[in-house]
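Here the structure is a predicted model, which is why all the values come from computation and not from measurement. Every heavy atom of this structure was used, including side-chain atoms; hydrogens, water molecules and symmetry mates were not. Below, chain A is the first sequence line, B the second, and so on; all start at residue 1.
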Amino acid sequence: MSTNRHPIEQEELMAYLDGELPADQATEALSHMELCPECQTLAADCRGVSEQLMAWEVESTDEVGIRPHINAALEERLQKRKPAKVSLPRLQNSVMTSRWVWAGAFALVCLAVGLTVMLSRNRNEDRSTAYPSMASIEQYLMPDRNAEIALARSAAPQSISSDAKILVLGWRGYETAREGKNGFVCLVERSWMSPFNSAEFWNPKVRVPGCFNAAAARSILPITMKRTEMVLAGLSKAQMIDRMKSEFDNKELPTPEPGAMCYMMSRAGHLSDAIGHYVPHLMFYFSLTDKSSWGADLPDSPVTMNPQFQGGPEPITEFVIPVGKWSDGTAAPAM
Amino acid sequence: MISDEALMLEFQGGSRAAFDELFARYHKPLFGFFGRRLNNSARAEDLAQETFLAVIRAASRYEPRALVRTYLYGIALKLLAAERRKILTSSTSSQSAPEPETGGTPESVLWVRQAIEKLDAPEREILMLREYEQLSYSDIAELLRIPVNTVRSRLFRSRLALKGHLESQAKNNSALRPSAGQPRAERRGMQ
């Protein structure tokens with residue numbers, strides 16, 4: 001394969017299929033592949049091999065519990081973790097009554113609390129130093145408009161995204177790149193859609209492809225538009241939070257419509273440095289509610305609650321359910 | 001869902017429930033890891049359990065520098081290497097290696113197994129870590145102590161080679177496919 005005709009190497013194409021290319025290269029790969037039959041064949045070959053390999057499932061034995069000798073080692077270890085018991089009478093008979101000891105203990109507790117607060121504050125500062133403030137706008141924009149369109153479409157299976165309206169981010173906010181027919185709206189969200197306290201709120205590498213259904217396009221997408229508008233206007237986080245609160249209080253922003261949901265099944269996205277492209281998933285939106293209503297975050301529950309909004313400040317709860325395949329139909333890693 | 005890393009730290013702090021959750025999440029994948037590499041389900045179960053024993057013993061030294069998933073497969077790879085040495089030693093002394101379990105295995109699975117066995121060992125391991133354990137390139141690089149680019153190029157080669165092996169097996173099989181009425185057992189024996 002000549003790189004004159006193909007802007008990406010075969011290995012890079014494979015890496016793209018594995019979700020291993022950085023977002024900018026991934027979008028380049030995606031937009032090239034859409035137009036290149038040769039690369040489509042190679043991609044189909046790679047997927048075919050992976051699918052054939054999946055035939056080899058290893059049947060687990062009946063035994064699934066922890067074996068006794070491991071249980072014993074576990075108990076021993078946990079026992080060691082427990083603090084040694086102290087004989088109370090010995091303590092009571094002398095030093096415990098001394099007010100100097102109590103004063104010393106109080107001072108130690110204060111010191112420990114102070115250190116904990118200081119360390120946790122330092123940790124927060126360390127975490128946030130990677131992206132402490134907004135980068136230049138150019139870094140959030142994608143220079144190749146077609147690549148952004150392709151990345152946006154990759155959020156949902158082609159059967160959905162091919163007829164969806166596509167938005168791309170420009171200097172003045174999101175603009176329509178393609179009109180749609182099926183009510184879905186696909187776009188690539190940026191880092192400022194993270195929770196306001198996220199360490200990656202200003203990470204310019206973040207690219208989050210999403211396809212909102214009509215209900216979400218009417219009732220959730222306005223949040224994306226509003227946050228983007230405020231970011232591009234140069235508002236501080238505190239100003240943005242205040243503005244969002246008042247917009248919701250004054251009913252200028254809508255509450256989630258019944259059935260509002262979003263596809264996030266792209267393997268080419270970069271949701272954050274911490275989780276990369278994550279796993280393909282669907283998101284469902286509701287007015288602020290308790291996560292127990294969906295059994296979210298309970299052991300073995302496939303549902304998680306995304307802290308993206310959750311009253312901080314948007315009064316919206318977002319549940320996430322992973323799915324087994326990327327939008328291109330290939331199998332996704334288990335959670 | 002609580003992350004593996006948070007569970008590991010909770011276990012380090014003395015939580016039995018956190019260990020149980022890690023066991024529930026990783027017992028089956030580890031069994032699969034050993035099962036595919038040893039073709040012996042009893043030993044696969046032994047070694048999956050031993051992996052957790054190693055986790056218990058090393059818990060105080062665990063540092064959340066790598067993903068728990070990578071950490072567990074790192075332990076599993078070491079146990080696997082030791083097991084293979086043991087098998088090699090015993091087969092050298094007895095002059096016969098244990099037969100892999102194939103009873104009742106579907107034909108498509110046998111093909112996959114045979115095709116994977118034809119790969120060079122380093123490429124085979126990379127391919128399996130990627131396809132079955134779903135590890136990232138950088139995790140594989142870290143585990144096998146090779147550069148990420150090497151992982152990528154070997155993985156690419158191994159996938160192409162595997163495709164070739166699978167295609168030639170399919171071709172051979174269709175060439176050898178008996179006419180209607182011929183017993184299936186004969187077909188199996190000719191492969």
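Ranked by heavy-atom pairs shorter than 4.5 Å toward chain B, the options A:Asp18, A:Ile70, A:Val49, A:Asp45 are led by A:Asp18. For the set B:Ser108, B:Ser153, B:Gly35, the count of heavy-atom pairs under 4.5 angstrom toward chain A peaks at B:Ser153.
Considering only residues two or more places apart in sequence or on other chains, A:Gln310 meets the side-chain hydrogen bond (donor to acceptor under 3.5 Å, both in side chains) condition with A:Thr317.
Proximity to chain A (any heavy atom under 4.5 Å) is shown, for B:Tyr137, by both the backbone and the side chain. Residue B:Arg130 touches chain A through its side chain alone, counting heavy-atom pairs closer than 4.5 Å. Proximity to chain A is limited to the side chain of B:Ile116, based on heavy atoms less than 4.5 angstrom apart. Within the 4.5 angstrom heavy-atom criterion, atoms from both the backbone and the side chain of B:Ser60 approach chain A. Of the atoms belonging to A:Gln52, heavy atoms from both backbone and side chain fall under 4.5 Å from chain B. Both the backbone and the side chain of B:Glu50 come within less than 4.5 Å of a heavy atom in chain A.
Between the side chains of B:Ser136 and B:Asp139, at least one donor N or O lies within less than 3.5 Å of an accepting N or O.
Ion pairing between a basic and an acidic side chain is recognised when a charged N comes within 4.0 Å of a carboxylate O; B:Arg25 and A:Asp300 show no such pairing. The pair A:Arg67-B:Asp46 meets the salt-bridge criterion, since a charged nitrogen lies less than 4.0 angstrom from a carboxylate oxygen.
For B:Phe33 and B:Tyr73, the ring centers sit closer than 6.0 Å to each other. For B:Phe23 and B:Phe52, the ring centers sit closer than 6.0 Å to each other.
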